[in-house]
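Before any comments, here is the structure.
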Amino acid sequence: MVREIVVYPDKRLKLISKEVESFDGALHDLLDDMYETMCARNGVGLAAIQVDVDQRVLIINVPLEDKDVEHDQPKENTLEMINPVIVEKSGSEKFQEGCLSVPGFYEDVERFQYVKVEYFDRDGNKQTIESDAFLAIAMQHEVDHLDGKIFVEKLSYIKRKKFEKEWKRRLKES
Ligand code: CO
């Protein structure tokens, strides 16, 4: 089921999400709904708080580069991370980011180039993943959501002011 996405500056996006304790059917339903919601909005990642669930759950699905496939984000390629913790990080990189909670806005953000993340999968098994590619950026963006942080908060003072002005105007128009 596609769920409604919480849009900036909704205060719910500032909540610190809670650790998941039971890896049950409700968690699996949430993960399945998050996948459908992310695909419906053409996103590459989604945190549970973006669908109004304050649990430390996120998904990422980096689209395949193969243009011939019918669907470039197959479900089996979805990285489902429960209670993720960044345990190693290094380097820095600037990359243009967007967010389903700030639809239509994209801006360069500085992140670590490499991260290693420990997390649990949907069945409660402990996993580790590392990346120095786009996935590294996506994981940092989504983990930030679990701590109530949105990428626009990482913009410089001037860019942030410009964004806030633009965003207010856009919200008024819609
Ligand atoms: Co986001």
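Atoms within a ligand are numbered from 1 in the order they appear, just like the ligands themselves.
Taking a cut-off of 2.8 Å, the protein N, O or S atoms nearer than that to the Co ion (ligand 1) are C99 SG, H141 NE2, H145 NE2.
If you check the side chains of S101 and Q50, you find a donor sitting under 3.5 Å from an acceptor. Residues Y114 and E130 bring a donor and an acceptor atom of their side chains to less than 3.5 Å of each other.
Atom CD of Q96 is surrounded by more than 12 heavy atoms from other residues, nucleotides or ligands within 6.0 Å.
Summarising the geometry, atom SG belonging to C99 is positioned 8.5 Å from atom CD1 belonging to I5; distances are rounded to the nearest 0.5 Å. From D147, atom CG reaches atom CD of E142 across 12.0 Å, with rounding to the nearest 0.5 Å.
With hydrogens and angles disregarded, no donor-acceptor distance shorter than 3.5 Å links the side chain of D123 to the backbone of N125.
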